[in-house]
Protein chains: 4
Amino acid sequence: MSMNSFGHLFRVTTWGESHGTALGATVDGCPPGVAIDAGKIQHWLDKRKPGQNKYTTQRREADEVKILSGTFEGVTTGTPVQLMIENTDQRSKDYGDIKDKFRPGHADITYFQKYGVRDYRGGGRSSARETAARVAAGGLAREAIKSIAPGIDIKGYMTRMGAHEIDRSRFDWDQIDANPFWTPDAQAADEWASYLDGLRKSGSSVGAVIEVVARGVPAGLGAPIYAKLDTDLAAAMMSINAVKGVEIGEGMSAAMLTGELNADEISMGRDGPQYSSNHAGGILGGISTGQDIVVRFAVKPTSSILTTRKTITKSGEDTEIITKGRHDPCVGIRAVPVGEAMMACVLLDHLLLHRGQVGQNQGHIG
Amino acid sequence: MSMNSFGHLFRVTTWGESHGTALGATVDGCPPGVAIDAGKIQHWLDKRKPGQNKYTTQRREADEVKILSGTFEGVTTGTPVQLMIENTDQRSKDYGDIKDKFRPGHADITYFQKYGVRDYRGGGRSSARETAARVAAGGLAREAIKSIAPGIDIKGYMTRMGAHEIDRSRFDWDQIDANPFWTPDAQAADEWASYLDGLRKSGSSVGAVIEVVARGVPAGLGAPIYAKLDTDLAAAMMSINAVKGVEIGEGMSAAMLTGELNADEISMGRDGPQYSSNHAGGILGGISTGQDIVVRFAVKPTSSILTTRKTITKSGEDTEIITKGRHDPCVGIRAVPVGEAMMACVLLDHLLLHRGQVGQNQGHIG
Amino acid sequence: MSMNSFGHLFRVTTWGESHGTALGATVDGCPPGVAIDAGKIQHWLDKRKPGQNKYTTQRREADEVKILSGTFEGVTTGTPVQLMIENTDQRSKDYGDIKDKFRPGHADITYFQKYGVRDYRGGGRSSARETAARVAAGGLAREAIKSIAPGIDIKGYMTRMGAHEIDRSRFDWDQIDANPFWTPDAQAADEWASYLDGLRKSGSSVGAVIEVVARGVPAGLGAPIYAKLDTDLAAAMMSINAVKGVEIGEGMSAAMLTGELNADEISMGRDGPQYSSNHAGGILGGISTGQDIVVRFAVKPTSSILTTRKTITKSGEDTEIITKGRHDPCVGIRAVPVGEAMMACVLLDHLLLHRGQVGQNQGHIG
Amino acid sequence: MSMNSFGHLFRVTTWGESHGTALGATVDGCPPGVAIDAGKIQHWLDKRKPGQNKYTTQRREADEVKILSGTFEGVTTGTPVQLMIENTDQRSKDYGDIKDKFRPGHADITYFQKYGVRDYRGGGRSSARETAARVAAGGLAREAIKSIAPGIDIKGYMTRMGAHEIDRSRFDWDQIDANPFWTPDAQAADEWASYLDGLRKSGSSVGAVIEVVARGVPAGLGAPIYAKLDTDLAAAMMSINAVKGVEIGEGMSAAMLTGELNADEISMGRDGPQYSSNHAGGILGGISTGQDIVVRFAVKPTSSILTTRKTITKSGEDTEIITKGRHDPCVGIRAVPVGEAMMACVLLDHLLLHRGQVGQNQGHIG
């Protein structure tokens with residue numbers, strides 16, 4: 001019952017702090033025989049890496065991953081894979097002035113109240129830097145999925161920045177990798193660029209919504225009642241820093257529909273059951289239907305802003321704070337590869353779990 | 001790694017099907033010395049019981065709970081508490097005509113695809129009837145909380161039915177128990193009554209949003225990174241039948257805010273830190289702040305409606321279905337006590353876990 | 001993390017006390033499609049049932065098992081199977097005189113020290129009566145094994161009663177079911193009968209060694225490093241009441257051997273690798289070799305004896321006690337079906353786990 | 001459900017192979033505020049380190065531990081502690097000649113059969129080198145125990161080498177650290193020295209029995225039924241490489257006793273209950289009594305010997321093998337600090353678990 005672990009059979013334990021020696025992921029339960037090397041994992045870490053453009057934090061981290069164990073002659077052996085990222089940029093002096101103050105919206109105060117220790121170095125364990133370890137584990141999960149269930153494709157993208165939502169009629173899969181916001185709406189990307197530039201200059205920040213879709217997932221994944229596929233996805237996404245809401249398919253809007261509008265009708269297609277729509281987000285009763293799995297989550301605005309805010313010190317005195325430093329005006333951008341990584345980990349976990357539970361799909365229709 | 005269990009130290013395993021002999025909850029990890037009897041648990045089951053008014057299913061179940069183990073001379077002993085509810089109304093003939101058809105929006109098809117077994121009796125294990133076991137476990141959790149952390153109060157209520165949301169300016173805690181919808185807005189209750197009556201008569205259904213608030217929760221609960229309080233709450237609520245979205249505090253709307261609007265400012269109060277607002281929903285970095293814990297979840301409309309819908313049979317033939325029977329036009333109503341029960345279970349679990357991790361609150365401010 | 005559960009994917013939670021309303025096992029993770037009914041489980045419970053001959057306690061319990069959930073039309077559905085045994089013989093007055101005294105060798109004192117509750121009714125949760133639930137779960141596990149890995153045979157038997165060990169040269173599988181001690185040595189059975197008769201009449205008791213063998217287990221089961229097959233078997237057997245030692249293969253005697261005598265040589269047989277001997281007990285590095293799995297455990301003598309013993313009361317006063325009542329002069333006898341049940345549960349669990357980890361045996365030799 | 005993890009709340013995951021880049025332990029659940037540095041952990045690693053005298057393998061590993069995370073300003077923060085040991089001596093050429101042969105008594109063959117991968121480099125993950133990670137975690141556990149439950153003392157020692165057992169009448173705690181065999185019997189140490197010298201020269205090996213005792217453990221630790229203190233200790237010890245048997249207190253010999261001889265009588269002492277003897281090994285019903293916790297385990301002789309043995313190749317051909325290299329004639333010697341480490345981890349885990357379950361000792365006697 002490690003509190004820093006997730007997953008049932010593909011089990012990932014992350015470790016490390018923002019400004020410690022290193023951080024990483026201890027990955028247990030990766031199937032043997034998966035072709036892997038550091039480069040394949042580095043690809044995904046580079047997607048998340050800070051300092052790539054003016055919209056993300058200028059903190060420079062090489063974020064170079066090393067595989068310390070679990071592989072031999074280029075394939076996984078079935079034993080734990082240790083993925084380590086050394087911290088090279090540990091400018092702790094940046095954070096010295098907030099040593100005794102709690103930053104509003106950050107976890108400084110609650111970590112202190114829980115553990116009695118004030119690790120003021122950039123948020124310590126509560127820093128979003130922890131998500132680098134998730135992305136590394138997700139990179140490994142992607143390769144394992146390729147190996148045991150080829151045909152699954154996972155893609156994340158931004159659908160909202162602050163008040164600005166994408167126009168679904170302009171949705172274009174090919175646009176996602178073509179702009180710094182990973183959004184499928186090219187016009188939105190242009191508008192967001194100038195909007196965010198303004199926010200960045202004024203030292204403000206804004207929230208975002210990220211959607212992650214998995215295509216090609218077979219029907220039957222998910223372990224009701226308390227390891228449902230949607231339950232595990234909700235937990236996975238909610239565990240990401242700054243996330244305040246999670247939706248599957250229709251999400252919160254499902255509350256506004258009538259039964260006639262919501263339930264997806266079923267008919268028989270050439271390759272099995274097919275659905276008239278996907279309000280369910282590809283999951284019924286916690287089990288995948290074979291449709292696209294659709295998850296959405298909201299990221300709150302970065303709490304580190306240049307406006308003066310009221311707060312208190314460790315000794316309980318009222319004071320004020322301005323959080324300088326190198327921050328993201330919209331952390332949602334870098335949350336895209338993190339959401340993808342969590343989706344990859346959860347799907348691989350359920351692919352393995354399904355085999356353990358029932359061996360193979362049991363019920364054939366038609 | 002039971003897939004039908006949730007919780008770390010207070011661990012609840014539910015079992016049973018809609019139309020089987022009995023269903024219940026095996027509750028492990030309840031602290032010893034908690035005064036309990038069946039009556040105290042029955043109180044909460046009665047709140048969820050169907051057939052109480054015209055807005056909920058007319059299926060009549062006594063839903064009488066029996067305590068089979070784990071107590072002696074009126075108190076818990078620290079050993080597993082078995083809570084059993086026998087099924088008395090097993091009119092399986094009601095469901096005979098859907099024996100070979102999958103009901104759209106239900107989990108009939110995915111359970112069959114996963115397990116290869118078609119338990120057509122009212123949804124079998126995927127029936128919302130399973131939530132009776134959660135409510136029973138939640139009743140026990142409430143008494144245990146009273147015993148080890150008195151002062152915590154948990155309350156759920158509806159804030160939206162379909163297109164109709166409550167007006168927060170009319171919020172009145174005392175109204176919640178005074179109307180069949182558990183809503184704090186008396187005027188909304190009146191409007192919803194006639195709206196739902198119409199839906200019921202036409203054989204339609206509608207979704208809802210339920211909010212659950214816990215007051216008096218001490219700061220420091222929650223076990224980052226993957227057993228965060230909000231992560232566990234998200235999983236708990238998403239595991240409830242028909243739930244499609246979960247929010248903490250500001251929820252999905254956090255995406256629309258700027259950093260200035262979102263982060264709750266801190267000042268020093270007489271009893272410790274206090275906050276200018278509660279966008280965070282009482283949780284920072286996965287740990288409770290001492291403010292109200294605020295969770296919201298959306299329930300989709302009941303999929304069983306009287307309109308003809310397209311579907312397929314077990315053998316893969318296209319067909320149509322009308323789901324007759326005794327159903328709830330708005331299952332959100334009965335989801336209120338279920339949400340409360342999940343909140344109670346998660347909080348008790350984290351109260352115990354916190355003791356195991358750090359013994360007591362470690363960091364004192366001021 | 002239920003403390004009353006064992007197993008990874010086939011997960012058994014037992015509940016209930018010696019003299020409560022009922023006891024049982026909540027079994028999660030049983031594969032779907034296993035043909036099962038109460039009768040098949042009852043068969044194994046009858047083997048463990050007390051009062052069958054003069055060598056076991058005269059307490060009469062029907063020990064009739066009911067299946068409350070998890071099956072439909074004669075097969076398992078993949079959902080939790082609830083196995084309940086009602087307590088029919090609850091003569092709690094037998095135990096009234098020990099209400100305030102702790103029985104030496106029993107867990108009365110430690111349960112009180114841990115939980116602060118004195119459930120004096122026949123040991124409460126610490127009673128060996130809990131093992132009935134294990135035997136029920138084991139019966140289900142046996143049927144599931146038949147279904148997914150036919151050819152595995154599990155058999156337990158006594159090899160020692162007190163100072164008297166069997167003569168391995170007289171080992172006869174067919175004798176095991178032919179005597180009340182489940183021993184493969186017919187001559188030992190005769191000698192033990194008169195020995196135990198004397199012990200019983202004098203109100204004394206004696207310990208025993210039980211060996212459980214599984215034949216036909218495929219190579220490759222076991223999940224190093226901390227869910228090794230031998231590790232899980234050691235935990236399973238040590239968790240049985242009164243067990244004080246567990247051995248795999250050569251066991252404690254392995255300490256007395258040299259490397260030349262201990263390591264089993266390997267050669268190539270028609271159906272794969274074969275071994276010159278089985279000092280390893282069928283397990284190398286925590287993984288099955290394909291040889292017989294051999295586990296042995298020692299059961300201490302029943303602590304309830306008619307000799308006066310020194311003890312203390314709940315309030316800390318020195319006193320004496322004679323434990324009357326209906327007890328087993330050698331609890332080892334009834335531990336045989338319990339050991340078999342644990343072996344069945346562990347093997348099924350590892351069969352499922354292996355599928356989840358690697359899908360199928362990966363490495364083919366020859 | 002990580003298969004490379006053990007512990008409930010103090011959860012240790014080990015990773016790494018014999019000849020990989022590094023190995024280590026990811027330790028989750030260590031309480032905050034424990035004063036720790038690499039030196040305190042190194043102390044215990046040095047005790048296990050190979051090449052210290054002629055009785056252990058001449059493989060030279062610095063075995064220098066680094067703390068990569070989880071501490072700040074000299075104390076633990078409550079977040080995961082990563083303990084890494086880099087492999088400096090990776091002379092893989094030593095092992096080249098066994099690339100295609102399975103070594104009898106080793107896990108080469110079963111790892112290949114399970115995972116389909118032949119990591120021939122010194123046993124890979126199945127190497128006893130993994131135990132270095134346990135010793136590191138145990139060092140941290142010892143410091144945490146000091147911090148939250150001072151007064152507990154853990155000590156391991158050898159009681160048997162092959163046919164030669166210690167004489168308990170010569171038992172002297174002070175002798176344990178004074179000889180290379182960690183034995184409390186100085187005369188045995190002398191005799192074993194010449195015996196083992198002969199074995200070493202002839203390229204043979206021998207088994208051993210190690211006893212680990214914990215003094216000062218409070219009554220009440222242990223979580224029945226399936227996380228009993230003895231169950232967890234049995235699993236912990238059986239998971240160590242080469243262990244074939246585990247005993248608690250009287251152990252396998254309990255089978256030979258009558259009830260009169262076995263049950264420890266209780267009387268009231270100045271500080272609480274006291275016992276006439278300790279056949280129970282300090283555990284009743286899976287819960288500590290307050291007496292010394294006594295665990296014993298048997299280690300089989302090293303399988304790597306200089307005598308020619310029959311075996312097969314990966315392709316299934318009969319062949320022979322002599323296992324040269326740098327090996328321990330009696331691996332039992334180096335198992336002593338490993339057994340101590342496992343005891344420390346299990347005790348810390350149960351100290352934390354007990355707090356989580358019941359808060360504090362509940363039942364006071366006298």
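Each chain gets a letter, A, B and so on, in the order the sequences are listed, and its residues count up from 1. Heavy-atom basis, side chains included; hydrogens, waters and symmetry copies ignored.
Looking at D:T302, the atoms closer than 4.5 Å to chain C (heavy atoms on both sides) all sit in the backbone: N, CA, C or O. Proximity to chain D is limited to the backbone of C:H279, based on heavy atoms less than 4.5 angstrom apart. At a 4.5 Å heavy-atom cutoff, D:T319 makes no contact with chain C through either its backbone or its side chain. With a threshold of 4.5 angstrom between heavy atoms, D:D230 approaches chain C through its backbone and through its side chain. Both the backbone and the side chain of C:A223 come within contact range of chain D, each with at least one heavy atom under 4.5 Å from a heavy atom of that chain. Of the two parts of D:E130, only the side chain, counted from C-beta on, holds a non-hydrogen atom closer than 4.5 Å to a non-hydrogen atom of chain C. When heavy atoms are compared at a cutoff of 4.5 Å, C:R118 does not approach chain D at all. Both the backbone and the side chain of D:R309 come within contact range of chain C, each with at least one heavy atom under 4.5 Å from a heavy atom of that chain. Using a 4.5 Å cut-off between heavy atoms, C:S315 touches chain D through its backbone atoms (N, CA, C, O) alone. In this structure, no portion of C:E165 lies under 4.5 Å from any heavy atom of chain D. The parts of D:T289 that come within reach of chain C are both its backbone and its side chain, each placing non-hydrogen atoms under 4.5 angstrom from that chain. Looking at D:Y275, only its side chain comes within 4.5 Å of chain C, counting heavy atoms on both sides. Contact annotation for D:K228: only side-chain heavy atoms (C-beta onward) come within less than 4.5 Å of a heavy atom of chain C. The part of D:V299 that comes within reach of chain C is its backbone (N, CA, C, O), which places non-hydrogen atoms under 4.5 angstrom from that chain. Of the two parts of C:S5, only the backbone, made up of N, CA, C and O, holds a non-hydrogen atom closer than 4.5 Å to a non-hydrogen atom of chain D. With a 4.5 Å cut-off on non-hydrogen atoms, D:L233 does not touch chain C at all. At a 4.5 Å heavy-atom cutoff, C:S304 makes no contact with chain D through either its backbone or its side chain. Of the atoms belonging to D:S288, it is backbone heavy atoms, and not side-chain ones, that fall under 4.5 Å from chain C.
With chain D as partner, the option from C:E250, C:R125, C:H364 having the largest number of non-hydrogen pairs under 4.5 angstrom is C:R125. Across C:P273, C:S126, C:G222, C:G251, the residue that shares the most heavy-atom pairs under 4.5 angstrom with chain D is C:G251. Contact count versus chain D (heavy atoms, under 4.5 Å) is highest, among C:A234, C:A163, C:A208, for C:A208. The most heavy-atom pairs under 4.5 Å with chain D, out of C:V246, C:D264, C:T313, come from C:V246. Interface remark: of the candidates C:I305, C:V12, C:I283, C:I305 forms the most heavy-atom pairs closer than 4.5 Å to chain D. The candidate from D:H164, D:M237, D:M256, D:K314 with the greatest count of non-hydrogen atom pairs under 4.5 Å with chain C is D:M256. With chain D as partner, the option from C:G286, C:S303, C:G259 having the largest number of non-hydrogen pairs under 4.5 angstrom is C:G259. Listed options D:G162, D:G272, D:G285 were ranked by heavy-atom pairs under 4.5 angstrom with chain C; first place goes to D:G162.
Between D:V209 and C:A255 the shortest heavy-atom distance is CG2-CB, 3.5 Å. When all heavy atoms of D:A219 and C:Q113 are compared, the closest pair comes out as CB-OE1, 3.5 Å. Taking all atoms of both residues into account, the shortest heavy-atom contact from D:L353 to C:M3 is CD1-CE, 3.4 Å. Contact record, C:P301 with D:A254: CD-O, 3.3 Å, taken as the closest heavy-atom pair. Nearest heavy-atom pair across D:H354 and C:K114 is ND1-NZ, 2.8 Å. Among all heavy-atom pairs drawn from C:P224 and D:N4, the shortest one is O-OD1, 3.5 Å.
Among C:T311, C:D318, C:D108, the single residue meeting the side chain to side chain contact (heavy atoms under 4.5 Å, CB included) criterion with D:I266 is C:T311. Each of C:M252, C:M238, C:K244 was scored for a side chain to side chain contact (heavy atoms under 4.5 Å, CB included) with D:E247, with one residue passing: C:M252. When D:I248, D:L257, D:N262 are each tested for a side chain to side chain contact (heavy atoms under 4.5 Å, CB included) with C:K300, only one passes: D:N262.
Side-chain contact between C:Y226 and D:T14 is present, with at least one heavy-atom pair separated by less than 4.5 Å. Between D:I365 and C:I109, the closest side-chain pair of non-hydrogen atoms falls below 4.5 Å.
Annotation: the span from C:T231 atom OG1 to D:I240 atom CD1 amounts to 9.5 Å, rounded to 0.5 Å. Annotation: the span from C:T13 atom OG1 to D:I225 atom CD1 amounts to 12.0 Å, rounded to 0.5 Å. With rounding to the nearest 0.5 Å, the separation of OG1 in C:T308 from CD in D:E260 is 10.5 Å.
A donor-acceptor pair under 3.5 Å is formed between the side chain of D:T110 and the backbone N or O of C:L284.
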